[in-house]
Amino acid sequence: MNLSEIQNTLRAKVIETAAQVFNVEMEQIAAEVPPKTELGDLAFPVAFELAKQIKQQTGEKQNPRNIAEQLKAALETFDFVEKIEIAGPGYLNVFYKRARFVAANLNSNPLPKLADSNDESKPKICVEHTSVNPNKAAHIGHVRNSVLGDTFVRILQANGNRVEVQNYIDNTGVQVADVVVGFIYLEKKSLEDIKQLNADLQEKGVSFDYYCWDLYAKVGQEYQVNEELKAKRAEVLHLIEEGGNETAILADYVATRNVECILNTMERFGIRYDLLPRESEILHLKFWAKAFDLMKQLGVIHFETTGKNANCWVMPFDDHAGNDDHEANKILVRSNGTVTYTGKDIAYQLWKLGLLGMDFNYKLFSTYFDGKEVWTSTTEESDHASVPKFGSGETVYNVIDTRQSYPQEVVKKGVSLISPDKGERASVHLSYEMVALSPAAAEELNFQLSDEDKTRTFIEMSGRKGLGVKADDLLNRLEKNALAEVTKRNTELSPAVQKDIAHKIAVGALRYFLLKFTRNTVIVFDFKEALAFEGETGAYCQNATVRINSIFKKAEPNALENAFKIVSEKQIEAAEILNSETEIWSLISLASRLEETISSAVSATEPAILAKYVFGLAKAFNLFYHNHKILIEENEVKKAVLLVTAEITRRSLTAGLNTMGIEIPERM
RNA sequence: GCUCCCGUAGCUCAGUUGGAUAGAGCGUUCGCCUCCUAAGCGAAAGGUCACAAGUUCAAAUCUUGUCGGGAGCACCA
């Protein structure tokens with residue numbers, strides 16, 4: 001029986017007893033971990049709540065401590081419980097049979113549900129993340145999106161869910177149009193010229209998306225002074241949307257090259273996708289037309305003939321009160337007959353949920369080095385015999401920054417009007433705050449600050465201004481710094497191995513840095529903090545794990561096996577150690593809470609919960625490590641208990657870090 | 001004008017659907033490598049949880065108001 005099962009059993013017993021003895025029905029009850037191990041392993045503050053309920057029902061005033069006494073008797077019959085103490089005004093503190101618990105969990109898997117995530121019969125969850133406009137390199141703000149999304153995918157899988165990862169490609173939007181304007185009108189390049197440029201850049205070792213980054217910023221600047229160029233934007237955008245012309249073909253080449261670059265960047269971070277749905281297919285396969293018909297049939301939108309929105313199709317949206325400046329209703333089709341972004345997004349969301357009644361065609365986009373495939377949408381017939389089944393998610397998570405809360409709300413509302421069955425529950429906006437730059441960081445990037453910017457506590461990154469910390473640049477810098485340390489500490493390792501270790505440390509540092517903040521905290525990016533390997537960092541967590549691994553490398557080959565045997569057979573002695581040295585038991589107890597932590601990260605849609613847990617566990621292990629010398633311990637049972645503790649911690653740390661997409665280096 | 005988010009140690013942030021003495025990292029000061037890797041460990045200092053009222057046996061947490069900061073409210077995407 002693992003920790004979750006024990007806790008659930010205890011909860012059920014409390015609820016059962018409350019019903020039997022006090023005639024009070026409780027749906028769920030709070031359980032908490034006492035502030036100190038001395039106070040027990042699990043606490044129920046349930047007696048206070050019961051006292052209140054009893055008073056409400058019978059008018060009889062009962063002392064919480066007396067209530068606790070009666071619950072205590074019922075819980076003590078459970079064979080994993082050593083004793084129950086009533087503390088303070090009426091806390092019910094549970095102490096487990098520690099040695100028995102350890103013996104029962106010698107071979108337990110910290111994430112028992114992970115294997116279920118491959119079960120094809122389970123309902124699917126779709127997660128959309130990354131979705132960087134394919135017109136420039138990804139910056140640290142995009143990486144926050146991707147790391148959050150990817151980590152949440154891993155968390156869902158650890159929780160036993162089947163997950164599909166989508167990265168939406170807005171290949172026909174204004175941002176792509178802007179770079180295309182730059183290529184065609186500023187640089188006077190044809191498609192052939194751009195292909196040649198791509199080859200030249202590759203030779204020079206410059207990434208195509210870096211080139212576009214600068215070009216995009218140049219176009220943005222030029223727009224300010226060149227009205228003629230700005231007029232080209234609408235023209236180009238129209239041609240791209242329409243498709244089947246030279247400009248559209250050129251734009252497709254540019255966008256696709258950028259997607260390839262961005263996928264390469266994300267692969268460095270360990271982030272992958274199943275499907276890249278593209279906006280061009282949403283347009284050309286007429287997803288919108290189908291959604292439009294659906295909405296008209298169901299009467300969830302209407303055509304306005306008078307007033308400000310005359311000749312527009314609008315969706316009523318009464319959650320927001322309208323006023324003179326702003327409409328309460330959301331326009332989906334403009335008076336000129338074109339569709340708004342929100343309209344297209346509703347169609348796309350319907351597809352994700354399997355409610356649209358039509359599908360993309362698919363082609364293979366690329367194959368990762370280990371054989372994993374990533375697919376994309378196409379208007380042509382799917383040319384592969386066995387295309388995986390995409391979309392039709394039971395629930396859809398959209399990882400999009402918090403500034404898009406309003407349109408996301410409209411999409412959710414629209415979908416629930418069309419399918420009240422699935423309702424608003426099926427669409428989840430996994431929102432997060434932006435990554436901004438500290439004025440110091442902006443200056444470090446040689447960016448000219450305006451006087452207004454200087455007064456601000458942070459400065460928003462802007463692709464249009466070319467202001468941002470590029471993802472690859474930052475990772476390169478982290479790898480360089482990590483390599484310097486690795487080389488210093490591990491002179492005997494080969495350069496290739498050193499480099500691999502440095503890479504893992506760099507990725508761990510950046511992923512942890514982005515995950516330790518809760519979603520609704522603005523990250524004010526600071527180089528010193530982001531480049532740190534000490535304190536609350538990924539490297540700290542990796543280091544603790546490497547230490548455990550190194551203990552087992554130095555131990556005799558069958559040390560762990562023997563330890564398991566000793567702990568199982570000599571439970572009385574083991575219990576003495578676990579009862580007297582609370583710090584050992586605290587570590588075991590903490591390490592046993594990974595599954596529970598994953599589950600709360602899912603219900604709160606908050607990966608930071610996992611990050612904080614893993615760090616806390618690494619810290620607890622480091623304390624244990626300094627206080628106990630495992631390999632030279634002379635007492636046989638004590639040594640076995642220490643080894644088992646290290647092993648249980650290792651499993652949870654490794655699984656927890658992997659769930660965050662952080663690998664464990666062989667050495668540090 | 002309306003909606004949402006935030007205000008916790010010098011700085012950056014946690015604080016588990018209201019619970020026991022409000023925590024962590026950084027920074028500061030002082031200790032610890034004869035011992036499984038010091039990217040580490042220990043100790044000290046540091047708090048009117050923005051402010052006010054209310055609900056409760058119990059409030060950093062819930063309600064209302066005030067002040068301060070951020071974002072959003074397009075026939076843009």
Side-chain angles (χ1 to χ4, degrees), chain A residues 28 30 32-36 39 43 45 48 51-52 64 87-91 93 133 170 173-175 237 279 308-312 314 319-328 330-342 344-345 401-407 409 431 433-434 436 456-458 460 482 485-486 489-490 505 509 516-518 520-524 526 528-529 532-537 539-540 542-544 546-548 550-555 596-597 600 603-604 606 608-609 611-613 615-616 619 622-623 625-633 646 667-668:
Chain A
Q28 56 174 6
E32 61 196 63
V33 179
K36 281 184 172 179
L39 291 169
F48 310 117
K52 194 199 236 168
Y91 285 100
N93 290 348
N133 271 302
D170 186 2
V174 257
Q175 294 216 23
L237 180 62
E279 187 179 54
K308 211 162 53 169
N309 296 338
N311 301 319
C312 295
V314 304
D319 288 15
H320 290 249
N323 60 30
D324 294 345
D325 296 329
H326 302 288
E327 269 304 320
K330 183 71 197 170
I331 291 167
L332 298 187
V333 181
R334 305 182 186 105
S335 54
N336 66 4
T338 55
V339 194
T340 63
Y341 169 82
T342 310
K344 280 183 269 185
D345 223 22
D401 82 76
T402 184
R403 287 171 291 192
Q404 298 215 39
S405 293
Y406 176 66
E409 216 180 316
S431 71
E433 270 290 355
M434 64 179 155
R456 293 176 159 261
T457 51
F458 60 81
E460 203 173 329
E485 290 293 318
V486 172
R489 290 155 208 256
N490 302 285
I505 293 171
K516 73 175 175 179
F517 297 94
T518 51
N520 61 9
T521 298
V522 176
I523 298 180
V524 180
D526 175 76
K528 188 171 159 273
E529 228 183 310
F533 294 129
E534 288 168 17
E536 194 194 339
T537 61
Y540 180 97
Q542 287 170 320
N543 191 40
V546 169
R547 279 180 156 171
I548 308 180
S550 130
I551 291 170
F552 286 105
K553 272 181 205 157
K554 295 229 166 139
E596 190 185 334
T597 304
S600 43
S603 48
E606 182 53 91
I609 292 174
K612 294 286 174 190
Y613 167 81
F615 174 66
K619 214 157 70 98
N622 272 335
L623 178 67
Y625 176 87
H626 278 269
N627 289 342
H628 304 279
K629 301 297 166 210
I630 300 175
L631 295 180
I632 56 166
E633 174 59 48
R667 313 261 314 250
M668 279 189 77

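Everything numeric here is computed off the predicted structure, so don't read it as measured data.
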> Holding to side-chain contact (heavy atoms from CB on, under 4.5 Å), I want the full list of residues that pass it with A:Ala611, two or more places apart in sequence or in another chain.
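A:Ala611: side-chain contact (heavy atoms from CB on, under 4.5 Å) contacts with A:Tyr512, A:Leu515, A:Met660.
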> In plain terms, say whether A:Glu536 and A:Lys612 are close enough for a salt bridge, that is, a side-chain N and a carboxylate O under 4.0 Å apart.
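Yes, this pair counts.
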> Could you give the CD1-to-C1' distance, from A:Ile331 to B:C73, as a whole number of Å?
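For the pair A:Ile331 CD1 and B:C73 C1', the rounded distance is 14 Å.
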> List the atom of A:Ala51, the atom of A:Pro64, and the distance in Å for their closest heavy-atom pair.
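Where A:Ala51 meets A:Pro64 most closely, the heavy atoms are CB-CG, 4.3 Å.
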> Tell me whether the OP1 or OP2 atom of B:A14 has a side-chain N or O from A:Thr521 closer than 4.0 Å.
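Yes, A:Thr521 has a side-chain N/O under 4.0 Å of OP1/OP2 on B:A14.
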> Determine the interatomic distance between C1' on B:U16 and the same-named atom on B:G23; round to the nearest Å.
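Straight-line distance between the two C1' atoms is 13 Å.
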> Return the set of residues passing ring pair (Phe, Tyr, Trp, His ring centres under 6.0 Å) with A:Phe517 (not counting sequence neighbours), or none when no residue passes.
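Applying ring pair (Phe, Tyr, Trp, His ring centres under 6.0 Å) to A:Phe517 gives A:Phe513.
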> Send over the distance from A:Phe458 CZ to B:G69 P, rounded to a whole Å.
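Result: 12 Å.
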> Quick one: what's the B/S/- string for nucleotides 24-32 of chain B, heavy-atom cutoff under 4.0 Å, read 5' to 3'?
SSS------
> Counting any heavy atom closer than 4.0 Å, what does A:Val486 reach on the DNA or RNA strands: base, sugar-phosphate only, or nothing?
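Base contact.
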> How many whole angstroms separate atom NZ of A:Lys330 from atom C1' of B:C73?
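For the pair A:Lys330 NZ and B:C73 C1', the rounded distance is 9 Å.
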> List for me each residue that meets ring pair (Phe, Tyr, Trp, His ring centres under 6.0 Å) alongside A:Phe458, sequence neighbours excluded, and say none if there are none.
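If we apply the ring pair (Phe, Tyr, Trp, His ring centres under 6.0 Å) test to A:Phe458, skipping adjacent residues, there are no hits.
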> Quick one: list whatever passes ring pair (Phe, Tyr, Trp, His ring centres under 6.0 Å) with A:Phe552, sequence neighbours left out.
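Partners of A:Phe552 by the ring pair (Phe, Tyr, Trp, His ring centres under 6.0 Å) criterion come out as none, since no residue qualifies.
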> Side-chain contact, heavy-atom cut-off 4.5 Å: A:Thr402 with A:Asn520?
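No; the side chains remain at least 4.5 Å from each other.
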> Measure CD/A:Glu460 against C1'/B:G69 and give the value in whole Å, please.
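My rounded result for the distance is 15 Å.
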> Identify, between A:Leu623 and A:Arg403, the residue whose nearest nucleotide on RNA chain B lies closer to the 5' end.
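Residue closer to the 5' terminus by nearest nucleotide: A:Leu623.
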> I need the CD1-P distance between A:Ile548 and B:A39, as an integer number of Å.
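Nearest whole value for this atom pair: 16 Å.
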> Who passes side-chain hydrogen bond (donor to acceptor under 3.5 Å, both in side chains) against A:Asp401, sequence neighbours left out?
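Result, side-chain hydrogen bond (donor to acceptor under 3.5 Å, both in side chains) vs A:Asp401: A:Arg403.
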> If I compare all heavy atoms of A:Lys516 with all of A:Ala608, which pair ends up nearest, and what's the gap?
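Looking at all heavy atoms of both residues, the shortest contact is O-CB, 4.1 Å.
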> State which residues pass side-chain hydrogen bond (donor to acceptor under 3.5 Å, both in side chains) with A:Asn133; sequence neighbours excluded, sorted by chain then number.
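If we apply the side-chain hydrogen bond (donor to acceptor under 3.5 Å, both in side chains) test to A:Asn133, skipping adjacent residues, there are no hits.
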> Between P on B:G72 and CD on A:Gln404, what's the gap in Å once rounded to a whole number?
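Taking CD of A:Gln404 and P of B:G72, I get 10 Å after rounding.
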> Whole Å only: how far is the CG atom of A:Asn336 from the P atom of B:A74?
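Distance check: A:Asn336 CG to B:A74 P gives 18 Å.
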> Only counting residues at least two apart or in another chain, list the ones meeting salt bridge (charged side-chain N to carboxylate O under 4.0 Å, His left out) with A:Glu279.
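Here the qualifying residues are A:Lys344.
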> Based on the glycosidic angle (syn within 90° of 0, else anti), state the conformation of B:C33.
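This nucleotide is in syn.
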> Has A:Asn520 got a side-chain N or O lying under 4.0 Å from the OP1 or OP2 atom of B:C6?
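Looking at the OP1 and OP2 atoms of B:C6, one of them is under 4.0 Å from a side-chain N or O of A:Asn520.
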> Might you confirm whether atom NZ of A:Lys629 has over 12 heavy atoms from other residues, nucleotides or ligands at distances under 6.0 Å?
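Yes, enclosed.
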> Would A:Leu332 and A:Val339 satisfy side-chain contact (heavy atoms from CB on, under 4.5 Å), going step by step from the backbone distance to the final call?
CA-CA 6 Å; A:Leu332 298 187; A:Val339 194; 5.7 Å; no
> If I pick the P atom on B:C67 and the same atom on B:A9, what distance separates them, to the nearest angstrom?
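Straight-line distance between the two P atoms is 23 Å.
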> In whole Å, what separates the C1' atom of B:C73 from that of B:A77?
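Going atom to atom, C1' in each nucleotide, I get 16 Å.
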> Does the side chain of A:Ile551 come within less than 4.5 Å of A:Tyr625's, by heavy atoms?
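SC-SC contact between A:Tyr625 and A:Ile551 confirmed.
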> Output a table of nitrogen or oxygen pairs between the protein and nucleotides 18-22 of chain B separated by less than 3.5 Å.
from: B:G19; atom 1: O2'; to: A:Glu32; atom 2: OE2; distance (Å): 3.3
from: B:G19; atom 1: O2'; to: A:Tyr91; atom 2: OH; distance (Å): 2.0
from: B:A20; atom 1: N6; to: A:Asn93; atom 2: OD1; distance (Å): 3.1
from: B:A20; atom 1: N1; to: A:Asn93; atom 2: ND2; distance (Å): 3.2
from: B:U21; atom 1: O4; to: A:Lys36; atom 2: NZ; distance (Å): 3.3

> Look at all strands and tell whether A:Val333 reaches a base, only sugar-phosphate, or nothing, counting heavy atoms closer than 4.0 Å.
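Nothing: the residue A:Val333, judged by heavy atoms under 4.0 Å, touches no strand.
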> Under the side-chain hydrogen bond (donor to acceptor under 3.5 Å, both in side chains) test, which residues partner A:Tyr540, sequence neighbours left out?
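By the side-chain hydrogen bond (donor to acceptor under 3.5 Å, both in side chains) rule, A:Tyr540 matches A:Asn622.
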> Which value, in whole Å, describes the distance between the P atoms of nucleotides B:C35 and B:G19?
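That atom pair is separated by 47 Å.
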> What nucleotide, of B:U12, B:C75, B:A14, holds the atom closest to the side chain of A:Thr518?
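The answer is B:A14, which lies nearest to the side chain.
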> Work out how far the C1' atom of B:C36 is from that of B:A14, and round it to whole angstrom.
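Rounded to whole Å, the distance is 32 Å.
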> Could you give the distance separating B:U12 and B:G7 at their P atoms, to the nearest angstrom?
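Their P atoms lie roughly 13 Å apart.
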> Quantified in whole Å, what is the P atom distance between nucleotide B:G25 and nucleotide B:C57?
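Those two atoms are separated by 38 Å.
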> Is RNA chain B part of any stem, that is, at least 3 consecutive Watson-Crick or G-U pairs with both distances under 3.5 Å, and where?
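B:1-7 with B:67-73, B:10-13 with B:23-26, B:28-32 with B:40-44, B:50-54 with B:62-66 - these are the stems of 3 or more pairs that involve RNA chain B.
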> Please give the distance between the P atoms of B:C49 and B:C11 as a whole number of Å.
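It comes out at 16 Å once rounded to the nearest Å.
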> Record whether the side chain of A:Ser335 comes under 3.5 Å of the base of B:C75 through a donor-acceptor pair of N or O atoms.
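Pair found.
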> Rounded to whole angstroms, how far apart are CD1 on A:Ile609 and P on B:A14?
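Interatomic distance, CD1 of A:Ile609 to P of B:A14: 12 Å.
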> Could you list all N or O pairs between the protein and nucleotides 36-38 of chain B that sit under 3.5 Å apart?
from: B:C36; atom 1: O3'; to: A:Lys554; atom 2: NZ; distance (Å): 3.3
from: B:C36; atom 1: O2'; to: A:Ser550; atom 2: OG; distance (Å): 3.3
from: B:C36; atom 1: O2; to: A:Leu631; atom 2: N; distance (Å): 3.3
from: B:C36; atom 1: N3; to: A:Ile630; atom 2: N; distance (Å): 3.3
from: B:C36; atom 1: N4; to: A:Tyr625; atom 2: O; distance (Å): 2.4
from: B:C36; atom 1: N4; to: A:His628; atom 2: O; distance (Å): 2.4
from: B:U37; atom 1: OP1; to: A:Ser550; atom 2: OG; distance (Å): 2.2
from: B:U37; atom 1: OP2; to: A:Lys554; atom 2: NZ; distance (Å): 3.1
from: B:U37; atom 1: N3; to: A:Met668; atom 2: O; distance (Å): 2.7
from: B:U37; atom 1: O4; to: A:Arg667; atom 2: NE; distance (Å): 3.2
from: B:U37; atom 1: O4; to: A:Met668; atom 2: N; distance (Å): 2.6
from: B:U37; atom 1: O4; to: A:Met668; atom 2: O; distance (Å): 3.0
from: B:A38; atom 1: OP2; to: A:Arg547; atom 2: NH2; distance (Å): 2.8

> If only atom types and distance count, is the side chain of A:Asp345 paired as donor or acceptor with the main-chain N or O of A:Tyr341 below 3.5 Å?
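No.
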